[in-house]
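The chain is numbered in sequence order, starting from 1. Just so you know, these numbers use all the heavy atoms, side chains as well, and skip hydrogens, waters and symmetry mates. Since this is a predicted model, take the numbers as computed values, not measurements.
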Amino acid sequence: MFLGEVINSENRLMDIGLGKFKINLDALDKYIYKFFWSVVVLIIVLFTIKFGNKIINKIVEKQIAANSKFSMDEKRANTLGSLLKSILRYSVYTLGIVTIVGIFAGGSIQLTILSSIGGVAIGLGAQGFIKDLINGIFILFEDQYAVGDYVTIDKYKGIVETIGLRSTVLRDFSGDHHIIPNGLVTTVTNHTKGNVQIKVEIEIAYEESIDHSIEVIKRVCDKFAEYNSDVVTKPRVIGVTAFGPSGMTIKVLGDVKPMTQWAAEAELRKMIKEELDKEGIEIPYNKLKIVNEVQNV
């Protein structure tokens, strides 16, 4: 029969009749079964990570909102949340992969082979992983930096976005993403520990009165400190610190909250410039003078 079907009750072999093409229905059912449960495991893994991240976010929000002496500040809470998410992700993915491998391995021989291959792979990567893990724990418990801090790690500078088991993620002001393994973090400069100093230097013409100029700048500093909530120490006029080719430099120093120094310096410069203009105090700039000489013959 050209297109017939013969089913063997013992081996469940299907002979379609086109040449010698045969399908073992038992093997097909077995692979469909394994594939189905692998998909189920993958769905459970993704759901667990998503659900776990939501729980961690709620825990972090409660820590931030709590005012008890045992609660953490916002940066520490966000850092702990980032680390917990990393632990959850690594644990669930590892468990899921092991489960799927176990489903497909089936027999003890295949499982032994896969376990041997996995053992070699883990052995090759274990040294770097353990180094990253240990250094990550030191970073967290020594409070070297936290999520939201502005830091310099080796040659990279930026805001800490996440701290995981294996790596720290920085985003610099140009938007670039830097992923740095924790094991390679050797030198860290944290620019957000404590208050930050602001420095504004103003150049005035030699023809202007130094005392009058300083009084005007002091008045601006008082006004600036009154309305700006980021000011920790009121800006103070140090005095004349340099003589340039066209004017004298007056320096102003103060302290503000971390990550507000750039905006504070820009605002203070603007206010000083506007007040100096009102008082008629000249800020020197390059001028071009044309002299027309007429010779008497």
Could you tell me whether Lys193 atom NZ has more than 12 heavy atoms of other residues or ligands within 6.0 Å of it?
yes

What's the separation between atom CD1 in Ile179 and atom OG1 in Thr162, rounded to the nearest 0.5 Å?
8.0 Å

Counting only heavy atoms not in Tyr206, do more than 12 fall under 6.0 Å of its OH?
yes

Give a yes or no on whether the backbone of Leu184 and the side-chain of Asn135 come within a donor-acceptor separation of less than 3.5 Å.
no

Would you call the rings of Phe224 and Tyr227 parallel, tilted or perpendicular, taking 30° and 60° as the class edges?
perpendicular

Note: Ala264 and Val256 closest approach over all heavy atoms is CB-CG1, 4.0 Å

For Trp262 and Phe173, take the angle between the two ring planes, folded into 0 to 90°, and tell me which bin it lands in: parallel under 30, tilted 30 to 60, perpendicular over 60.
perpendicular

Shortest non-hydrogen contact between Ser209 and Ile204, atoms and distance
O-CD1, 4.5 Å

Is a side-chain N or O of Glu208 found less than 3.5 angstrom from the main chain of Glu282, in a donor-acceptor match?
yes

Do Ser174 and Asp176 have a side chain donor and acceptor closer than 3.5 Å?
yes

Distance col, row Ile159:CD1 vs Met259:CE, nearest 0.5 angstrom, shows 3.5 Å

Considering all heavy atoms of both residues, which atom of Pro258 and which atom of Val196 are nearest to each other, and what is their separation?
CA-CG2, 3.7 Å

For the pair Asp154 (side chain) and Tyr156 (backbone), establish whether a donor and an acceptor sit closer than 3.5 Å, ignoring hydrogens and angles.
no

Going by an N to O cut-off under 4.0 Å, is there a salt bridge joining Glu274 and Lys278?
no

For Gly247, is there any backbone N or O sitting under 3.5 Å from a side-chain donor or acceptor partner on Glu203?
yes

Any heavy-atom pair between the side chains of Ile217 and Cys221 that's under 4.5 Å?
yes

Of the non-hydrogen atoms in Lys257 and Val232, which two are nearest, and what is the gap between them?
N-CG2, 3.8 Å

Before accepting this row, confirm whether a basic side-chain N of the pair Asp222/Lys218 lies closer than 4.0 Å to the acidic partner's carboxylate O.
no

Side-chain donor-acceptor pair under 3.5 Å between Tyr150 and Gln261, yes or no?
no

Less than 4.0 angstrom from a charged side-chain N to a carboxylate O is my criterion; do Arg219 and Glu215 meet it?
no

